[in-house]
Amino acid sequence: MTTQTLTHVANPELAARWRRATEEPAWVRWTLIGVALTFLALFLVLPLLVVLYGAFEQGLQVWWAAISEPDALAAIRLSLLVVLIVVPINLVFGVAAAWAIAKFEFRGKPILISLIDMPFAISPVVVGLIFVILFGSQGWLGPWLAAHDMRIIFAVPGIVIVIAFGTMPFIARELIPLMQQQGKEEEEASLTLGASGWKTFWYVTLPNIKWGLIYGVILCNARALGEFGAVAVVSGRIRGETNTMPLHIEVLYNEYMFTAAFAVSSLLTGLALVTIAVKSFVEWLDERNRPAIASH
Amino acid sequence: MKKILRNTLVGGLATLLAGSVLADNITLLNVSYDPTREFYREYNRAFGDYWKQQTGDTVTVRQSHGGSGSQARSVIDGLDADVVTLALAYDVDALRQHAQLIPENWQSRLDKNSSPYTSTIVLLVRKGNPKNIRDWDDLVRDDVAVITPNPKTSGGARWNYLAAWGYALKQNNGDQDKAYDFVSKLFANVPVLDPGARGATNTFVQRGLGDVFIAWENEAYLSVEQLGKGQFEIVVPSVSILAEPPVTVVDKNVDRKGTRKTAEGYLQYLYSDDAQRLAAKHYYRPSNPEIAKEFAEKFVDVELFGIDEVFGGWEKAQNEHFNDGGHFDSILENIARR
Amino acid sequence: MFFSAKQRRVIPGFGLTMGFSLLYLGFIFLIPVGGLLLYTSLMSWDEFWSAVSHPQVVASYKLSFGASLIGATINLVFGALVAWVLVRYRFPGKKIVDALVDLPFALPTAVAGIALVTLYASTGWVGQYLNVFGIRVAYSQLGVVIALTYIGLPFVVRTVQPVLEDLEAEREEASASLGASRFTTIRRVILPSLLPALLTGYALAFARAVGEYGSVVFISGNMPYRTEITPLLIVAKAEQYDYNGAAAIGTVMLVAAFLLLLLINGLQWWTQRRGL
Amino acid sequence: MSIEIDRVNKRFGDFVAVDNVSLTLNDGELTALLGPSGSGKTTLLRIIAGLEQPDSGRIRFHGQDTTDLHVSDRGVGFVFQHYALFKHMSVYENVAYGLTVRPRSQRPSKAEIRKKVMHLLEMVQLDWTADRLPSQLSGGQRQRIALARALAVEPKVLLLDEPFGALDAKVRAELRRWLRRLHDEIHVTSVFVTHDQEEALEVSDRVVVMNKGKVEQDGSPEQVYDNPANPFVYQFLGNVNLFHARVQDGVARIGSVSLAAPEYAGQRDSRALAYVRPHDIEVLGDRRDDALHAQIELVSVVGPTVRLELRTDNSESVVQAELTKHRFRELGLGQGSDAWIRPVNSRVFLEDGELQAG
């Protein structure tokens, strides 16, 4: 019997067929991988290729001409300006909200979290509509704003507000679970060692949430650049003035300047890709910095 | 931000210095509809030169384009337009109805009902006219797919709709019910309703959808010339509508900004010979008959009817056909029910 | 008092962070949303009801919610599959594929719409082959589903992935040692643990899809009663100066969004309670 | 520095965590707060530290009221149960943290900080780990770093929350002795929380036993162990056998066995419970009148001691006895043998409601 068992183990065919309890047979594995990759290729890679192909179809020069044209530059400038305003505000908000929610117990917390989530679920079109109803010259605050010569919609402030609205949850959403999971022991330790609140935040909390923060900023940034529906309603589409990059793309598309439209799109897509690359790099750094804790 | 601040400052200064000899930098905002992009791009340059010569002032004209109705809405909601150049009088009149931005008599302030150029509605078909489309009648055939934007959101599409309706009235001795049936059949052949004229052009030209595209004359020519040389043909129907896209100064805005003089000059200049030729170049029919003659072979002579004679003016047409509960709504409902 | 800590806390900054959060939420969120609700509440009930129950509007709800449901369901199935493949298997290029999943978050919706219609129109790269089989994607309800699937794709993957990563192998091994087949183990042990994450991702993808505008208008035919989504209808109403109608429908969508979020947070609460 | 806890109360919702506790902890003493989980000991420690605010009552350090002093100004060293080391900082940076975050005017020079940190690291015998990250250390090492970090700011009092709770038995025992030695060296008033009676008895100068938010007993380890104030303390401090007894006039009777119970000198016949520790049970091989007959059910040898489980005739419960291996061999008993047992030391508590003046 013993000998037989030994031969069994040594049987290469059986050894090859041996698999872990948590594994599927190879053919199942490869089928699943195949199906998943086909799905992703159809839904993610192909649209990406369309944009890149459209942008570079007529060569680099045409591409460059399209994105260095004054109206395109104005759109790029505006989008960057909006991002420069919106991302820091949402960053401060995200950190503040996450701090309040993760470090303290108070009543109404689930409501607060739901409120922060709301922009995920509200149609951008409704967002635009709300601001027109409020700030349009036929709206409630419109006459007052006009009397004080202030412009909100059809100007940069309106664009900033709707984009801030739409991108509000990204950083907060990233930080809240992270900070909840980290608890507050390290902060308490810092306080017992005599550090002030700000110093505790700066030296202890911030380094701990750094990666989550960066990821949140990256996503917020991408969404802020790409927001379309709400901006379309409140921008007024003044060429070279209140057209953001996505609106400018639509304008170009509607002017039958497809290559130019795709060129500016490719810029945004490129940004998205860079964003994703940065994110992956960030995660890779994170993993490397977290030395493997002796496992199993 | 900076620009808006500058505009306000410049506007204020302009008021202060009105009549002085100092040359100004003036910025105008022209809020227009979709198909005028190419025309106004060129016209703005021409006007800039002309105005500099006349007054020494430097004028920069900013453009905003979109669906005619949506553009009017933006101006009503506070978009700071100095002039509007929209697809139809109803949209311009909305500025008066909803926000009193312009006076009652706005349409009589400029020549030709304030329409410096006109256009009409034609049919665009694919090369060789494979479905053999000759006139409006062919659009209700079962085997024909028709592309038009949504009349609810697109000014051009309202002209399309009214042109078809007018044709049917003419064929049936003014029988409104028959016209209703005709337009119903036509829209039953429509697979896609883009919100704007440009979107519809893209659908027909780029995406290859549909057999015939009801379009502004100038859009049709643009497609033939620019988008796909040799891929499309224009079919001029037996009768069509005289489309008059009107222009006006937005009084409340120009008075506040102190840009009235320039804005009025901007619109006046549309009637100049140079501007009329420029309009013709971009396939708009010049309203000046002299200039129109120069381009006689460019624009096919077609029997045109006006909106006032057939539909009793825009107000009435809008109420009967396009407002909620109007004919168009009921047509869509009937199609959906089938 | 809501939003006030029970008492003075040792960790500082509650007043500051809570105050700023509420101020910002108030300015950027509560005032506008409250404004919309107030605006709608000033309408008479009849006016409101006739605006939100018109057959054309109801047809658009059916499309918006129906297509979102289908899109979210597709994402549920394939999102779970993608998450599974990304967590459990090794294959070349896995990192890149993992990174690409976020693309729909980052790509502007208008660009996505243009790219999708370029692909799926009957002259497009994919559309021309589908056309041979008589399948029309662009300008049909199928197109709406495709666009809504695209924009909701990252949600399920990104909610399921971390849970799957944290799943202990022990439970699967226990199941296998008790004689369960691999399929049974997945069905009886793994799937129930993933369920809350799956549902959360599903609800988020659904909520996002219902409100989507930018990408859909390019690929949907926008035909009333057939391929017109609710957000487009709101735009159309607004452009005809019918702000009441637009606000009424907007309110319906807002309430739907809020209910969805309550559902999502309910699911999360349920998840926590079950200690999964 | 002495710590005075004056009528402190703390509730969490309906749960009473600390119930009107008053205590004075003397300067330089190492005190153990001992109790089961939920007894309020950690909450009390956090109140002393300023990490929790009491609902009422005062905390004084050396007569000075610190109740409203913020934790960062209180000058306590706190060692957390799970160490709470800053993950992203090296060991050196962790220990130096308290010094580097001081306002510039009070901050020592870099060289001074370096000297101090290295000294502390040497003291905890971990100077060679200075450049490592906490995640690269073992649990025991992390604990010592956490202690060094707390000591770096020269705290007036040192507070430790279950300092050895997360460590394995051997490391615990080592660290315990090490902490004792350390305390003897630096002599800072220290309080540590534990649920392990052995730990409390071995390390501390003084043991405070807590239960349900109240102090059950407060005294030296010997006092607490030898003279438990009540049944709870008795049971909590190690294994114990319970015998039903009757008490009359200073004598407790368990069956045929009589025990002196002088504290009940005037007591009339009452029901009582006698608490006897396993090592206070004498096991005999031969019959004696003042002993109870029992049968040995289980013999287990744990190192040098032998633990027996015996069943007496009149009892359903099992009696545990502990004796040396040497003595067990002398007796020549084995599993199933008859034996006679006799409590040599016991503590008798009357059953509820039986106390009455005689």
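All values below were derived from every heavy atom in this structure, side-chain atoms included, with hydrogens, water molecules and symmetry-related copies excluded.
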Gap separating the CD atom of A/Glu185 from the CG atom of D/Leu51, nearest 0.5 angstrom: 9.5 Å
Inter-residue atom distance A/Leu191.CG - D/Arg74.CZ, 0.5 Å rounding: 12.0 Å
Segment of D/Val71 engaging chain A (4.5 angstrom heavy-atom cut-off): both
Among D/Met89, D/Lys87, D/His88, the one residue meeting side chain to side chain contact (heavy atoms under 4.5 Å, CB included) with A/Pro207: D/His88
Between CZ on residue D/Phe80 and CD on residue A/Glu188, distance to nearest 0.5 Å: 5.0 Å
Smallest separation among heavy atoms of A/Thr200 and D/Tyr97, with atom names: CA-OH, 3.9 Å
Inter-residue atom distance A/Glu187.CD - D/Phe86.CZ, 0.5 Å rounding: 8.5 Å
D/Leu85, part contacting chain A, at a heavy-atom distance under 4.5 Å: backbone
Over all atoms of both residues, closest heavy-atom pair of A/Ala195 and D/Ser72: O-CB, 3.3 Å
Smallest separation among heavy atoms of D/Arg149 and A/Ala189, with atom names: NH2-CB, 3.3 Å
Heavy-atom closest contact (A/Lys199 atom, D/Val101 atom, distance): NZ-O, 2.8 Å
Under 3.5 Å donor-acceptor, D/His70 side chain and A/Ser196 backbone: no
Exceeds 12 heavy-atom contacts within 6.0 angstrom, atom CD of D/Gln64: no
